[in-house]
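Heads up, the thing below is written out as structure tokens.
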There are 2 protein chains.
Amino acid sequence: MSRPESELAAGDHIFLAFLLWGPASAYDIKKTMAVSVSYFWSAAHSQVYQQANRLLRGGFIKEKEAPGGRRKRILSLTPKGRRAVTGWLASPASFPEFRNESLAKVFFAAHGDLEKIRAMLLDQRDHHVSQLAEYEGIRKLLELADNPEVPYELMTLRLGIAVEQTCIAWADEVLKDLDRKIRSGRDSGRERRGGSARK
Amino acid sequence: MSRPESELAAGDHIFLAFLLWGPASAYDIKKTMAVSVSYFWSAAHSQVYQQANRLLRGGFIKEKEAPGGRRKRILSLTPKGRRAVTGWLASPASFPEFRNESLAKVFFAAHGDLEKIRAMLLDQRDHHVSQLAEYEGIRKLLELADNPEVPYELMTLRLGIAVEQTCIAWADEVLKDLDRKIRSGRDSGRERRGGSARK
DNA sequence: ACGTTCATGTAAAGGGTTACATGATTTC
DNA sequence: GAAATCATGTAACCCTTTACATGAACGT
């Protein structure tokens, strides 16, 4: 799980970090997140507004109404906010947690319908393929950009891509295994109930 | 994010699924989770008790006091609970989300102290190495067991292992890159501030 | 002009974590 | 028999998600 904790959650620090790039509205941040860090962080659109309020209350950011008909609050870092980001960047990180519901279903597959599990996995595989394509697209864009941060962004992207590839390869392997089991199960008549003793 | 939703969260379904193996106390489930699905699911110890209460209220499980001095509530599936697990196993899964704070720090590394980032990454690498060792240990145990579920458990474990390996390889690569940057930064005097225009 | 997307939020509910507590077993 | 750890919980807090809303800009 987590370990450090200054007083702000990781998501809030990331929110603040985006303001290192310059002032932006909550909506801007949400949009930027979606195309830049989606492979390792995400937030519901409603959340960025709540984060903005929280961080405003805490004095980490300040706001300024933007001119124009459209109501738009431009957020920027206060000195306190900037210190918070810097401190965060210099401290250890919590360890990643993997939450993977599909793995849980495979784990308990002996108690379920293998064909359904197979369908679910195929769905997951499709998702990983499209994620991979998206990340490759981001990579193309990044490689064209000229900016001192790009090398770091590419580094993180490399992991995103590698993980997707790992997941796809894994899914293919498991899919093959499942097919074999399904076929052999069909050959030998209806499947057996698998409720043997454990532990 | 998520998609299905029967009315129970994924974690609750997983809780129920463990009861497919037979009656157990909340504590048993927590312990079992730690040595079997920790690489794709985890829960604070306090949570399993809350889940137990929730599922009890919902009629998915029933409890029975165990004999003996120690108070111990043995939980087991009700027909409704069993239906819930079965339905869950037969439905699509939500897509995995990766939450990785350390990647965020690398992403914004241009605004931080590279040596600190490097230290953080080393820490993360260590963690992945020890996770990997743990999973290999679980694999050894599983390979000795004789149980129709083992093949499925091994399948999921394979992904856990592959992901850790991917993370370690990635960390090594990035560590090398960072070292190079740190060294070249030192050679050419103090580092430059990286605040160039973006977008 | 009208529908759609953009942009902006609020409210409620809930899962999950941290912190707090405590009796029973085991260990030395 | 004291200490450690096992086993079992409760309470509070809060991040996060879902659902609900709404006005402005834009395309056609």
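Each chain gets a letter, A, B and so on, in the order the sequences are listed, and its residues count up from 1.
Of the candidate nucleotides D:dA19, D:dC15, D:dT17, D:dA19 has the atom nearest to the side chain of A:H45. Of the candidate nucleotides D:dC6, D:dT10, C:dG15, D:dC6 has the atom nearest to the side chain of B:Y27. The side chain of B:Q50 lies closest to D:dA12 when the candidates are D:dA12, C:dA12, C:dG15. Which of D:dC15, C:dT17, D:dT10 sits closest to the side chain of B:Q47 comes down to C:dT17. Here the side chain of A:W41 is nearest to one of D:dT16, C:dG15, D:dT10, namely D:dT16. When each of C:dT17, D:dT8, D:dT16 is scored by its nearest atom to the side-chain atoms of B:S25, the top-ranked nucleotide is D:dT8. Checking D:dG9, C:dG9, C:dG16 against every side-chain atom of A:Y49, the shortest atom distance belongs to C:dG9.
Separating the CG atom of B:N53 from the P atom of C:dG14 is a distance of 15 Å, rounded to the nearest angstrom. The interatomic distance linking A:I29 (CD1) with C:dT8 (P) rounds to 11 Å, in whole Å. Following rounding to the nearest Å, B:K30 (NZ) and D:dG9 (P) show an atom-to-atom distance of 13 Å. Whole-Å rounding puts the A:R57 CZ to D:dC15 C1' distance at 13 Å. Rounded to whole angstrom, the span from the CD atom of A:E97 across to the P atom of D:dC15 amounts to 16 Å. The interatomic distance linking A:D12 (CG) with D:dC13 (P) rounds to 18 Å, in whole Å. Rounded to a whole Å, the CZ atom of A:F15 is 12 Å from the P atom of D:dT16. In this structure, the CG atom of B:D28 is 14 Å from the P atom of D:dC6, given to the nearest Å.
In this structure, A:F18 has its ring center under 6.0 Å from that of B:F108. Aromatic pair B:Y135/B:Y39: ring centres closer than 6.0 Å.
Summarising the local packing, CZ of B:R99 is surrounded by more than 12 heavy atoms from other residues, nucleotides or ligands at distances under 6.0 Å. Atom CZ of B:R54 has more than 12 neighbouring heavy atoms from other residues, nucleotides or ligands inside a 6.0 Å radius.
Among the atoms of the strands shown, only primed sugar atoms or phosphate atoms (P, OP1, OP2) are found under 4.0 Å from some heavy atom of A:K31. Residue contacts shown for A:S46 include a base, since a base heavy atom lies under 4.0 Å away.
Side-chain atoms of A:H13 and B:E101 form no donor-acceptor pair, as typed in the model, at a separation below 3.5 Å.
Applying the 4.0 Å criterion to OP1 and OP2 of D:dG9, one finds that B:R73 has a side-chain N or O inside that range. One finds no side-chain N or O of A:R54 lying less than 4.0 angstrom from the OP1 or OP2 phosphate oxygen of D:dC14.
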